[in-house]
Amino acid sequence: MMPEQRTVLVTAATGNVGPHVASQLLDEGVAVRALVLDGDPHIAKLPDGVELYYGDLADPDSLDPALDGVDGVFWMWPFFTLGVETAPAVLEKIERQASRIALVSSVGVHIGLERRDDNCHAYLEELTDKTSLDRTFLRTTGFMANALGFAGQIKNGGVVRSPYGAAVRTAVHEADLAAVGVRALTDDGHAGKAYLVTGPQAQSQEETVRIIGDVIGRRLSWEDVPAQAARDEMVAGGWPPSYADGALDYFATLTTEPEVGSTTVAEVTGRPARTFREWAEEHADMFR
Ligand SMILES: NC(=O)c1ccc[n+]([C@@H]2O[C@H](COP(=O)([O-])OP(=O)(O)OC[C@H]3O[C@@H](n4cnc5c(N)ncnc54)[C@H](OP(=O)(O)O)[C@@H]3O)[C@@H](O)[C@H]2O)c1
């Protein structure tokens, strides 16, 4: 059992998932600390009641005030901008203070695509496994928010040009991923679990764009482009080349072998996973 007055630190707090984690933890009566970079322009995404702690995951010592006296950590690691060099030292500091951790990992680990040498989620899982922390791995599929990557093309003409429109995924609503993590950090019985966290439906990328079109009342279309063109753009946009290659290979596979969903969200949270249509309705203005 965690102590009565629990305190949880949320990393990547102002991203796609962190604000959901913060507000759901507050609803549970947990004291919430958000780790934010000095000058973070997205602090307004955090709900009232969250305590801000300035710190940089690239500088482990800067996390000392944020971690002092915490019980749990919702741990997300921004690989693209950070690499993994400081992850072991950050985890060591977490282990010194907290008793629990919920790590946002990836479906890539779950299905064996991602390995420790990729210096990605598999590496973080391996590091975390070596600690004494009560740990839960949230092996998530793609976020529904990834569809925001199409917003520019949808606003400017309505033709989405991207590779593998037939790739079928089971994207998860960020609030549902957060909800599974919140249960792991506040209830007993989740230590040692590696949950596959997905949305409720399998749907192709083309279908995803069609649903956005339905919701905003416009006819949108998809045009497949060669993977190489997308790879060049991804790498130019900051993706590590090996990660871009892995993602594109995975999408190619998903055109013939659809991603398999799970019932984790419903089982762990007690409520059905949100659909992509619900997500699109909530975010419609971002596509208009
Ligand atoms: N997208 C997917 O489909 C998917 C699938 C599987 C797993 N994941 C996991 O999800 C993570 C991304 O989550 P997200 O989409 O919520 O994040 P995000 O929207 O990309 O936001 C990243 C967050 O991390 C903060 N941050 C960046 N560098 C930092 C640093 N050096 N120190 C402290 N904070 C820092 C950012 O702050 P600023 O706003 O100040 O930059 C921001 O709050 C990935 O790294 C991956 O592990 C994603």
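One-based numbering, in listed order, for ligands and for the atoms of each. Position 1 is the first residue of the sequence, and the numbers go up from there. FYI, side chains are in, hydrogens and waters are out, and symmetry mates aren't considered; it's all heavy atoms of this structure.
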J.: Compare Ala34, Ala66, Gly15 and give the one whose heavy atom is closest to atom 17 (O) of ligand 1.
T.: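 Nearest option to atom 17 (O) of ligand 1, by heavy atoms: Gly15.
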J.: Give the residue, atom name and distance (to 0.1 Å) of the protein heavy atom nearest atom 32 (N) of ligand 1.
T.: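 Nearest protein contact, heavy atoms only, for atom 32 (N) of ligand 1 is Leu57 N, 2.9 Å.
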J.: Within a distance under 4.0 Å of any heavy atom of Gly142, pick out the atoms of ligand 1 and give their elements.
T.: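 Listed by number with element, the hits are 3 (O).
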J.: Assess His121 for proximity to ligand 1: is some non-hydrogen atom of it under 4.0 Å away?
T.: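 Judged by the 4.0 Å heavy-atom criterion, His121 does count as contacting ligand 1.
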J.: Centres of the Phe79 and His121 rings: under 6.0 Å?
T.: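 When the ring centroids of Phe79 and His121 are compared, they turn out to be within the sub-6.0 Å range.
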J.: Can we say Arg135 and Asp129 salt-bridge, meaning some charged N sits less than 4.0 Å from an Asp/Glu carboxylate O?
T.: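 Yes.
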J.: Using a plain distance cutoff, I'd like to know if Leu35 has any nitrogen or oxygen under 3.5 Å from a nitrogen or oxygen of ligand 1.
T.: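 No; the residue has no nitrogen or oxygen that sits under 3.5 Å from a nitrogen or oxygen of the ligand.
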J.: For Phe150 together with Trp222, are the ring centres under 6.0 Å from each other?
T.: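 Yes.
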J.: With atoms numbered from 1 as shown, which atoms in ligand 1 lie under 4.0 angstrom from a non-hydrogen atom of Phe79?
T.: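 What qualifies from ligand 1 is 45 (O), 47 (O).
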J.: More than 12 foreign heavy atoms under 6.0 Å from CD of Glu233: is that the case here?
T.: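 No, CD of Glu233 has 12 or fewer neighbouring heavy atoms, counting only those of other groups under 6.0 Å.
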J.: Where does Leu82 meet ligand 1, judged by heavy-atom distances below 4.0 Å: at the side chain, the backbone, both, or neither?
T.: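 The part of Leu82 near ligand 1 is the side chain, not the backbone.
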J.: Considering heavy atoms of the protein only, find what lies nearest to atom 44 (C) of ligand 1 and give residue, atom and distance to 0.1 Å.
T.: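 Here the closest protein heavy atom is Trp77 O, 3.9 Å.
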J.: For atom 41 (O) of ligand 1, state which one of Thr141, Leu37, Val17 supplies the nearest heavy atom.
T.: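 Comparing heavy atoms across Thr141, Leu37, Val17, the nearest one to atom 41 (O) of ligand 1 lies in Leu37.
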J.: Side chain or backbone of Phe80 under 4.0 Å from ligand 1, or both, or neither, by non-hydrogen atoms?
T.: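 It is neither; nothing of Phe80 touches ligand 1.
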J.: Which residue and non-hydrogen atom of the protein lie closest to atom 1 (N) of ligand 1, and at what distance in Å?
T.: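 Ranking protein heavy atoms by distance from atom 1 (N) of ligand 1, first comes Asn146 OD1, 3.1 Å.
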J.: Side chain to side chain contact (heavy atoms under 4.5 Å, CB included), that's the test. Do Val30 and Thr186 meet it? Break it down for me.
T.: CA-CA 8 Å; Val30 173; Thr186 56; 3.8 Å; yes
J.: In ligand 1, which numbered atoms sit nearer than 4.0 Å to a non-hydrogen atom of His42?
T.: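 Listed by number with element, the hits are 39 (O).
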J.: Short N/O distance, under 3.5 Å, between Phe143 and ligand 1?
T.: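 Right, the criterion is met.
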J.: Answer yes if Val73 and Tyr123 sit in the same cluster of Ile, Leu, Val, Met, Phe, Trp and Tyr residues linked by side chain heavy atoms under 4.5 Å apart, and no otherwise.
T.: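 Same cluster.
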J.: Any chance you could measure Phe287, atom CZ, to Ile154, atom CD1, to the nearest 0.5 Å?
T.: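 Going from CZ on Phe287 over to CD1 on Ile154, the span is 5.5 Å.
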J.: Between the candidates Cys120, Pro41, Ala12, Pro78, which shows the shortest non-hydrogen contact distance to atom 27 (C) of ligand 1?
T.: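 Heavy atom nearest to atom 27 (C) of ligand 1 belongs to Pro78.
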J.: Would Ser106 count as a polar contact of ligand 1, with the cut-off being nitrogen or oxygen pairs under 3.5 Å?
T.: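 There is no such contact.
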J.: Check each of Asn16, Leu103, Thr14, Asp40 against atom 42 (C) of ligand 1 and report the one with the nearest heavy atom.
T.: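 The residue whose heavy atom sits nearest atom 42 (C) of ligand 1 is Thr14.
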J.: Any atoms of ligand 1 less than 4.0 Å from a non-hydrogen atom of Asp56? List them with their elements.
T.: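 Those atoms are 30 (C), 31 (N), 32 (N).
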J.: Under 6.0 Å from the CD atom of Gln228, do we count more than 12 heavy atoms belonging to anything else shown?
T.: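 Yes, enclosed.
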J.: Considering only heavy atoms of Ser105, which atoms of ligand 1 have at least one such atom less than 4.0 Å away?
T.: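 Atoms satisfying the 4.0 Å criterion: 6 (C), 7 (C).
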J.: Please state which part of Met76 comes within less than 4.0 Å of ligand 1, counting heavy atoms only: side chain, backbone, both or neither.
T.: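 Side chain only; the backbone of Met76 stays clear of ligand 1.
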J.: Is there a path of hydrophobic side-chain contacts, each under 4.5 Å between heavy atoms, that joins Trp279 and Val17?
T.: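 Different clusters.
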J.: When you check the side-chain N and O atoms of Glu259 and Tyr250, is any donor under 3.5 Å from an acceptor?
T.: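 Side-chain D/A pair, Glu259 to Tyr250: present.
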J.: How long is the gap from OG1 on Thr275 to CE on Met144, to the nearest 0.5 Å?
T.: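 Spacing of OG1 (Thr275) from CE (Met144) equals 6.5 Å.
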J.: Going by the order shown, which atoms of ligand 1 are within less than 4.0 Å of some heavy atom of Thr140?
T.: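 It comes down to these atoms of ligand 1: 6 (C), 7 (C).
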J.: I'd like to know whether CZ of Arg219 has more than 12 heavy-atom contacts from other residues, nucleotides or ligands below 6.0 angstrom.
T.: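 It does not: Arg219 CZ has 12 such atoms or fewer within range.
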